[in-house]
Amino acid sequence: MCGITGWVSFRDVPRHHPEVIEHMTATLARRGPDASGIWRGTHAAIGHRRLAVIDPDGGVQPMTAGPEGGETVLTYSGEIYNHHELRAELRRTGHDFRTRSDTEVVLRAYQEWGEKLTEHLEGMYAFAIWDEREQRLLLVRDRLGVKPLHFAAIPGGIVFGSEPKALFAHPSVRPRVDADGLREAYSLLFTTGPTVWAGVREVQPGGTVAFDRGGPTEHRYWELEARPHTDGLEETVEEVRQRLDRAVRSQLEADVPRCTLLSGGLDSTVLTAVLADELRVQDGPSARIRSYAVDYSDQAEQFTGDVLRTSHDTPYATEAGAFIGTEHATVVLDPRDLLDPEHRRAVVAARDSPIGVGDMDTSLYLLFGEIARHSTVALSGEAADELFGGYPWFHSPKSLTAATFPWLLVTNDEAAMPLHPDLAATLRIGEFQRDTYRDALAAVPHLDGEPAVRHRQREMQHLSLTRWLRQLLHRKDRLSMAQGLEVRVPYCDHRLVEYAFSIPWELQSHDGREKSLLRDVGTGLAPHSVLHRPKNHYPSTHDPGYNRGLQDMARDALGAHGGRVRDLVDETAIKPCLDMLPEQLEWGTRLRLERVVDLALWLDIHRPELAL
């Protein structure tokens, strides 16, 4: 996993300004702590920061092929899981390879198939190819959007990078935020394309952006499709298991230590069990995989359930690790560490966004830092809820009949960041949410003659996979890469996703519970207690001392930056949260304070121009 960046200009000569690409590349150092590389041409400059995972000696980037003056230049982040098969296929067509890296497979695939190389790739990836002979740039992002890729137009050219901060290192791109950007951020609709930053866009998941003298051309090479499903229940369970097995098998490859994130929930336990079985096949019956869970020093005594969490994770994770036979460890965090200003600042800097989930982001960042001391690759269970109906909104009559995005009802996020009345009147977020919801439903594919229940559940699944999942992947990528850790997500394998999206709801919920199919797949792989445990979200501290410290930080945040924070938030709605006893702060109320703190940090780190 790596950080990629670059710029193309048909008005300027990038090689005459070497400091620009050097600064752009340096912003991504935490994504790639192992090496740095730069290529410069007449109209393009390409940068790369490397986290070495496969072929540490041979996968140096940017990687080039072809004669001087007509090179093909690649800067690449991610993993191509079918690179062995592609390498064999490309060798049969006459390509020679200098390395064992999947990077070179991508480069040769472009030489062989051009932009149609996307039809052949399986994995998570974001990359840029500069074709010196054609004077053309190609940006490519994986099907589910696991790996990030941003771009922005500049006079006579384009800049790109894994994160917006790389673009801001170019003199033609400034961190500017307008009403559209804040609308995207605070509506919590998780659109891919527009960002909080004016002029900065994301390459669409399953999409490409080509740029030459004629300007940019965007293209989607993959989208979810509605397909008939003819398998019965037993055949469906078996097919899901086989596709998950294949995804796990392909994602275990690495030349560095690997581990798994094991929360004690169904998703991570089934994934870890499949990983452990596959590892024993590959490395012998005594092979064991490391597994990690996170906890807080106050949890055992002070845990209380809420709308998102019904039980304490650690006992379940410990039991699952013992059942599977992992080398399990629980990383216990002191709630005081979550208040450390440097930790909070590092998290907000990694996100490039004012929107997060406070202590849960900081704790995940600290967890990844601890894991990175022992492993370079971790596997995680994102997307299982989206694939198999794990969220409450798949089962809530209120959500199923509401004319809005379901998570806005279930998590009450609409009230999580009360905006200043003047700003709220400008943004008109409610209207924006309604318009966006209508457009989102119009994009959902359906089969002719679908029953109404199946039709609605397909909409719920599509919204979850194309929007809700994206912010989870964004969070996981930014916080892990900020610690130099690569996280792989086998449930996001596009073949598994395509199959699961075709399964009718009556099979998905055949026993009347959430994630019926995944529970069937997990039978024999997980302890009974985990198999039948209700869904739990990522844990949060319950320490009153944390709440008290957060209230102090929020008071300071409201007075920061000469009143800029007060210009954006409704102080009258925040004040009651500041006056509560720390023991009375519930999760949703506390989230208001978390976002005020993060907003102040975001303003301080990026110094954005606010054009409202």
Discussion item. Do Ser250 and Glu122 have side chains that approach each other closer than 4.5 Å (heavy atoms only, starting at C-beta)?
Written reply: no
Worksheet item: Yes or no on ring-ring contact (aromatic ring centres under 6.0 Å, His included) for Trp197 and His150, after CA distance, side-chain angles and deciding distance?
Response: CA-CA 11 Å; Trp197 303 104; His150 298 79; over 10 Å; no
Practice prompt. Indicate whether the side chain of Arg108 and that of Gln111 have a donor and an acceptor atom separated by less than 3.5 Å.
Written response: yes
Fill in: Ser375 side-chain N/O to Ala372 backbone N/O, donor-acceptor pair under 3.5 Å
no
Worksheet item: Taking Arg133 for the side chain and Gly70 for the main chain, is one N or O donor matched with an acceptor at less than 3.5 Å?
Response: no
Worksheet item: Heavy-atom distance under 4.5 Å between the side chains of Val173 and Ile154, does that happen here?
Response: yes
Practice prompt. Give a yes or no on whether the backbone of Pro56 and the side-chain of Arg50 come within a donor-acceptor separation of less than 3.5 Å.
Written response: yes
Item to complete: With the side chain counted from C-beta on, respond yes when Thr25 and His48 share a heavy-atom pair under 4.5 Å apart, and no when they do not.
Response: no
Practice prompt. State, with a plain yes or no, whether a side-chain heavy atom of Trp602 is found less than 4.5 Å away from one of Pro608.
Written response: yes
Worksheet item: Would you say the side chain of Leu603 lies within less than 4.5 Å of the side chain of Leu610, judging by non-hydrogen atoms?
Response: yes
Worksheet item: With side chains defined as the heavy atoms from C-beta onward, is the minimum distance between Phe432 and Glu184 less than 4.5 Å?
Response: yes
Discussion item. Heavy-atom count check: over 12 atoms from other residues, nucleotides or ligands less than 6.0 Å from Arg495 CZ?
Written reply: yes
Worksheet entry | Side-chain donor/acceptor of Tyr491 to backbone N/O of Asp267, under 3.5 Å | yes
Worksheet entry | With Arg40, the salt bridge (charged side-chain N to carboxylate O under 4.0 Å, His left out) member among Glu19, Glu71, Glu22 | Glu22
Worksheet item: Just by distance, do the side chain of Thr75 and the backbone of Gly47 share a donor-acceptor pair under 3.5 Å?
Response: yes
Item to complete: With the side chain counted from C-beta on, respond yes when Tyr76 and Asp102 share a heavy-atom pair under 4.5 Å apart, and no when they do not.
Response: yes
Worksheet item: Got a donor-acceptor contact below 3.5 angstrom from the Gln433 side chain to the Ser187 backbone?
Response: yes
Worksheet item: Do Leu387 and Val497 come close enough that some side-chain heavy atom pair is under 4.5 Å?
Response: yes
Item to complete: For side chain to side chain contact (heavy atoms under 4.5 Å, CB included), just list the numbers for Leu144 and His494, CA-CA rounded to whole Å, side-chain angles, deciding distance to a tenth of an Å, and then say yes or no.
Response: CA-CA 7 Å; Leu144 272 294; His494 75 275; 4.3 Å; yes
Discussion item. Could you go through Phe160 and His170, starting from their C-alpha distance and side-chain angles, then the distance that decides it, and tell me whether this counts as side chain to side chain contact (heavy atoms under 4.5 Å, CB included)?
Written reply: CA-CA 10 Å; Phe160 66 88; His170 191 283; over 6 Å; no
Practice prompt. Given side chain to side chain contact (heavy atoms under 4.5 Å, CB included), test Tyr221 with Leu121 step by step and report yes or no.
Written response: CA-CA 11 Å; Tyr221 66 89; Leu121 304 179; over 6 Å; no
Discussion item. Can you see whether Phe97 has Arg87 sitting over its ring - NZ or CZ less than 6.0 Å from the centre and within 45° of the normal?
Written reply: yes
Item to complete: Inspect the surroundings of CG in Asp96 and state if more than 12 heavy atoms from other residues, nucleotides or ligands are less than 6.0 Å away.
Response: no
Worksheet item: Side chain of Arg467, backbone of Leu189: donor and acceptor closer than 3.5 Å?
Response: yes
Worksheet item: If you measure from the Lys or Arg side-chain nitrogens to the Asp or Glu carboxylate oxygens, is any gap between Asp142 and Lys147 under 4.0 Å?
Response: no
Practice prompt. Write down the atom of Ile54, the atom of Ala254, and the distance for their closest heavy-atom approach.
Written response: CG1-CA, 4.4 Å
Worksheet entry | Test item: Arg141 side-chain N/O and Gly206 main-chain N/O as donor-acceptor pair under 3.5 Å | no
Worksheet item: Under 3.5 Å, is there a donor-acceptor pair between the side chain of Asp361 and the main chain of Gly356?
Response: no
Worksheet entry | Lys NZ or Arg CZ of Arg488 over Tyr81 ring: under 6.0 Å, within 45° | no
Discussion item. Working note: Tyr538 + Arg475, criterion side chain to side chain contact (heavy atoms under 4.5 Å, CB included); need CA distance, chi angles, decisive distance, verdict.
Written reply: CA-CA 12 Å; Tyr538 186 87; Arg475 174 175 180 254; 3.8 Å; yes
Practice prompt. Using modelled atom types only, decide if a donor and an acceptor are shared between the side chain of Asp34 and the backbone of Leu51 within a distance under 3.5 Å.
Written response: no
